Amino acid sequence: MCGRFALTADLQELAAHFGGLDLDRLAPRYNIAPTQPVLAVMAAPTGLPGSNRAPWRAGLVRWGFVPGFIKDPRDFPLVINARSETVFEKASFRAALRHRRVLLPANGFYEWRKAGKGERAQPFFIRPREGGLIAFAGLMECWASPDGSEVDTAAILTTAANAALAPIHARMPVILKPEDYARWLDCRTQEPRAVADLLAPLADEVLEAIPVSDRVNSASQNGPELQLPAEFVPLTAKPQKAPHSKASGRSRPGEDEAPAEPAQTQLSLF
DNA sequence: CCAGACGTTGTT
DNA sequence: GTCTGG
DNA sequence: CCAGACGTTGTT
DNA sequence: GTCTGG
């Protein structure tokens, strides 16, 4: 599924990809974790004809969906995903699926391939082969606290993994093609059933998976080094304590460059 | 009818 | 093992 | 998603 | 709020 992702594009790239967004600033983030704020793109309030403002607006919402009818979020589990196969049947998602469909922009996401019992899971950074932005299909809900304040929350829709990701993980986020953004976001004229066809696995050839170090495991780590191809280490090797140097001999890229040459583009290794 | 749940992933 | 926090 | 805590009484 | 279970 999708439990971590990255959004490192600048405002210009975001505006170009989505055809205009009303954003002031956005820090690059290489390790977005559940409960943190995530950028959500949604339909703008029905505008005046002739308005030249952006067709969509964007804002930060909490990653962890809370249905509107919940009294105390502490009584509700953290819901970071919604299964596209069953989302139409769930009371929790009903209103959001009808009225608050969103896109969650990303430059890629992380999946952990679980090895045998006792072995460490291997994280992969998964991104478009051509680079640039992708957009997850998401649902948003506004939760009203007893004291009158409001919190917007969101979940990412999931679907079966495509052939490219299946060796790593059985599920993947629903990633929409740019030509489908408008239909997904148009909750005014598109009934939920009319957008159900969009909730499908992405074409196999779009994404590549890069094995990365397990520094990404810790949600407190957040930097471009999280996307560097992991150095090759035999699977039997144990993690080193490295008592003298925490640098472990690896040089860092000083800048915010994604890896220029992924170590591999097929997943059938190991 | 009322009571109680309301979610996903993964693992065995 | 299970829950909470990021 | 993974990491890290997981408890109480009473004292400074 | 809405659905499922009894």
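In what follows, chains are A, B, ... by sequence order, proteins preceding strands, each numbered from 1. Note that this is a predicted model, so its numbers are computed, not measured.
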**Study point:** Spacing of the P atoms in B:dT11 and D:dC2 (rounded, Å)
**Key:** 9 Å
Review point. For D:dA3, does either OP1 or OP2 sit under 4.0 Å from a side-chain N or O belonging to A:S220?
Key: no
Point to revise | Interatomic distance at C1', B:dT9 relative to E:dC3, whole Å | key: 23 Å
Study note, to complete from the structure: Between CD of A:Q36 and P of D:dC1 the distance, given in whole Å, is 16 Å
Exercise for review: With a 4.0 Å heavy-atom cut-off, tell me which residues in residues 89-102 of chain A come close to DNA chain E, sorted by residue number.
Suggested key: A:A91, A:R94
Practice item. Could you tell me the separation between the OH atom of A:Y110 and the CZ atom of A:F124, rounded to the nearest 0.5 Å? Key: 13.5 Å
Review point. Given atom CG of A:L199 and atom P of B:dT8, what is their separation to the nearest angstrom?
Key: 13 Å
Exercise for review: Specify the separation, in whole Å, of atom CD of A:E141 and atom P of B:dG7.
Suggested key: 13 Å
**Study point:** C1' gap between B:dG4 and D:dC6, integer Å
**Key:** 29 Å
Review point. Can you check the A:I80 CD1 to C:dG6 C1' distance for me, whole Å?
Key: 12 Å
Study note, to complete from the structure: Side-chain contact check for A:K114: nearest option of D:dC2, E:dG1, B:dT9 is D:dC2
Study note, to complete from the structure: With the side chain defined as heavy atoms from C-beta on, A:P77 is closest, among B:dT8, B:dG7, D:dC1, to B:dG7
**Study point:** Side-chain donor or acceptor of A:N162 paired with backbone N/O of A:P201 under 3.5 Å
**Key:** no
Check your understanding: Which part of the nucleic acid does A:A82 contact within heavy-atom distance under 4.0 Å: base, sugar-phosphate only, or nothing?
Key -> sugar-phosphate
Exercise for review: For the pair A:F18 and A:Y181, name the ring-plane relationship: parallel under 30°, tilted 30 to 60°, perpendicular over 60°.
Suggested key: parallel
Review point. Touch check for A:P67, heavy atoms < 4.0 angstrom, all strands: base, sugar-phosphate only, or nothing?
Key: nothing
Practice item. State which of D:dA3, D:dC2, B:dT8 makes the closest approach to the side chain of A:R120. Key: D:dA3
Check your understanding: How would you label the contact of A:R83 with the nucleic acid (heavy atoms, under 4.0 Å): base, sugar-phosphate, or nothing?
Key -> sugar-phosphate
Practice item. Would you confirm whether A:D214, through its side chain, and A:N217, through its main-chain N or O, come within 3.5 Å as a donor-acceptor pair? Key: no
**Study point:** Nucleotide C:dT4, atom C1' - distance to CG of A:D75 in whole Å
**Key:** 14 Å
Practice item. Scan every strand shown for a Watson-Crick or G-U wobble partner of D:dG4, both distances under 3.5 Å, and answer none if you come up empty. Key: C:dC3
Exercise for review: State, without any angle test, whether A:R4 and A:N31 hold a side-chain donor-acceptor pair at a distance under 3.5 Å.
Suggested key: yes
Check your understanding: Can you tell me how far P of B:dT11 sits from CH2 of A:W112, to the nearest Å?
Key -> 14 Å
Review point. Just how far, in rounded Å, is P of B:dT9 from CG of A:L78?
Key: 13 Å
Review point. Regarding A:D152 and A:W143, is there a side-chain donor-to-acceptor distance under 3.5 Å anywhere?
Key: no
Check your understanding: Where the side chain of A:R62 meets the backbone of A:G64, is there a donor-acceptor pair that is under 3.5 Å apart?
Key -> yes
Study note, to complete from the structure: From CH2 of A:W63 across to P of D:dC2 the rounded distance in Å is 11 Å
Point to revise | Short side-chain to backbone donor-acceptor contact, A:R101 and A:A43, under 3.5 Å | key: no
Exercise for review: Could you work out the separation of C:dG6 and D:dG7 based on their C1' atoms and round it to a whole Å?
Suggested key: 23 Å
Exercise for review: For C:dG1 and D:dT12, measure between their C1' atoms and round to the nearest Å.
Suggested key: 36 Å
Review point. How far does the P atom of B:dT8 sit from the matching atom of D:dC1, given to the nearest Å?
Key: 13 Å
Review point. How do A:I70 and A:C2 order along DNA chain B: which one's closest nucleotide is nearer the 5' end?
Key: A:I70
